[in-house]
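A note on names: the letters A, B, ... follow the listed sequences, proteins ahead of strands, and every chain is numbered from 1.
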Protein chains: 2
Amino acid sequence: PPPSSSMEEGRRKLMEFPYVPAPVRDLMVDLISTVDNRLESQLHPCTLPLDVQYYENTTGNSQASLQIRRGQDSSPIDYILESWIHSKLPTGGDLNITSLLVNMNSSTDAPNFLTELIQPSPTSVIIILDLPPRKDPVLYPDYLHTFYESTQLDTYRQKLEKLPEVKPYLSPSLYVRSVFSPTVIMFSVETETGDSARMEEIVRSHLIPVFKDVLGIWLNQCTCGGREVGETEKAYLKKRDSLVRIKSIEIDLESSFPRLFGPELASRVVSEIRKVLSSGS
Amino acid sequence: PPPSSSMEEGRRKLMEFPYVPAPVRDLMVDLISTVDNRLESQLHPCTLPLDVQYYENTTGNSQASLQIRRGQDSSPIDYILESWIHSKLPTGGDLNITSLLVNMNSSTDAPNFLTELIQPSPTSVIIILDLPPRKDPVLYPDYLHTFYESTQLDTYRQKLEKLPEVKPYLSPSLYVRSVFSPTVIMFSVETETGDSARMEEIVRSHLIPVFKDVLGIWLNQCTCGGREVGETEKAYLKKRDSLVRIKSIEIDLESSFPRLFGPELASRVVSEIRKVLSSGS
């Protein structure tokens with residue numbers, strides 16, 4: 001593991017979110033700080049090599065920051081992944097992707113937490129906010145009831161859906177669509193060209209409160225224990241979780257990473273991610 | 001079982017679709033005839049009591065036709081359910097619901113076929129068209145690939161999505177949302193008040209071709225065998241299928257039926273449906 005000053009350096013770089021508009025940075029910093037306050041004591045520090053915690057391509061067009069922290073043995077957290085990616089597009093615009101993913105381990109069946117903001121321009125953002133279920137909701141209606149119905153999660157989706165700038169968004173990957181819950185917040189938000197003020201208002205007045213509330217629900221319902229699972233169920237969760245992980249890396253990273261960072265750097269980053277995720281715990 | 005002339009009477013009543021606009025009737029008759037041509041020889045006749053094959057409430061505000069045919073022992077079809085419901089709403093308008101559902105049995109893991117059109121007014125229709133998967137797509141990515149990716153099912157959804165009158169629609173039930181595939185066509189189509197001509201054009205030029213093509217894909221991919229399953233898988237399919245059936249009756253029938261037909265008639269119809277569906281196959 002790198003010495004502690006370098007560890008802090010990687011984390012400092014992440015929290016800068018240097019390329020996104022201020023309200024998106026505020027949103028991400030708020031979510032990450034809230035998660036840290038509640039869960040940091042259960043986590044190992046990030047052990048990724050420094051040149052994978054921050055990396056850029058040879059032309060300097062694309063930069064990225066990445067932090068992965070594994071949960072300690074006693075924790076229900078498998079790992080937390082935080083990242084931002086910035087890339088100057090050939091079309092002249094900027095692409096920004098910011099992500100926060102908390103994956104649980106098989107000591108619990110509680111849902112994961114996922115948020116991602118993809119900004120292809122200052123007046124356009126794709127938002128993904130979900131508690132991806134870890135069991136097939138069709139086969140486990142009680143699970144659906146506990147985590148999604150009784151928590152009223154769908155009311156948050158309904159709130160955002162009402163905004164005139166909000167349109168439904170679907171991932172092109174059918175597998176990714178299947179991983180999300182039936183209350184997933186997955187929208188494309190577009191304001192008129194040049195009206196980045198309205199975009200900032202939407203983020204501050206509408207997105208930030210919803211994202212904070214949904215994270216709060218997840219922290220209270222999913223990280224406080226009380227969902228012990230038997231051996232058969234543990235095997236089921238392990239198999240399903242590991243499939244999701246393998247397919248997500250395939251779909252998310254192996255497709256877009258080489259385009260943004262070149263094949264060599266992309267393959268090094270993906271291999272280091274795989275290494276950390278497959279190490280003990 | 002009723003004598004054959006009465007059996008024909010129930011089926012004749014179904015195929016009339018007397019309350020829906022002509023293009024919707026044509027769509028339903030076309031789909032049902034296509035299914036009949038391909039599958040009728042594998043089906044038992046409908047054994048529902050005649051007063052459940054056609055029924056109306058005491059005030060005469062609501063009428064319904066219902067046919068359920070079980071598959072023969074050698075068939076991969078568990079049952080086919082066809083129905084229409086018509087109801088004069090207290091608001092003065094008419095509600096029309098037409099459905100075609102083909103459920104497979106556990107000799108195969110091939111997806112089911114479902115279509116439903118809900119018309120709360122002549123210028124508004126909610127369309128549902130799907131091959132509901134019978135396995136958790138997250139746990140079975142190959143299943144997703146075989147039936148949904150390699151068949152290009154999503155292109156049909158994409159075609160309809162482009163129509164300006166088409167908006168996304170979500171079931172209020174999270175369970176129902178979970179039952180659908182990631183390529184489900186589930187839209188609300190609304191034309192300007194009074195413009196039922198444009199609605200007819202949408203049904204004829206856009207819906208009918210898509211519904212026919214999707215049914216064709218299902219008939220070719222899902223009813224022609226080649227998906228034999230082992231004992232463990234059979235048990236999994238039985239459990240999942242039966243849960244979907246129980247929950248669907250709960251959600252669909254037990255909630256809306258008493259409102260439309262009064263509690264007594266509703267409970268009789270639901271109990272006859274349960275009886276037919278639980279009888280050997």
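Residue with the most contacts toward chain B among A/Pro172, A/Pro168, A/Pro141: A/Pro141 (heavy-atom pairs, distance under 4.5 Å). Of all the listed residues (A/Val176, A/Leu170, A/Asp154), the one sharing the greatest number of non-hydrogen pairs under 4.5 Å with chain B is A/Asp154. Per-residue counts of heavy-atom pairs under 4.5 Å with chain A were compared for B/Gln158, B/Lys167, B/Lys239, B/Glu149; the largest is that of B/Glu149. Contact count against chain B (heavy-atom pairs under 4.5 Å) is highest for A/Leu174 among A/Leu153, A/Leu174, A/Leu144, A/Leu139.
Distance check: A/Phe180 CZ to B/Ser178 OG gives 14.5 Å after rounding to the nearest 0.5 Å.
At a threshold of 4.0 Å, the pair A/Arg240-B/Asp136 counts as salt-bridged, since one of the basic side-chain nitrogens sits closer than that to a carboxylate oxygen.
Across every non-hydrogen atom of B/Val138 and A/Val244, the tightest pair is CG1-CG2, 3.3 Å.
Interface residue B/Arg157: only side-chain heavy atoms are found under 4.5 Å from chain A.
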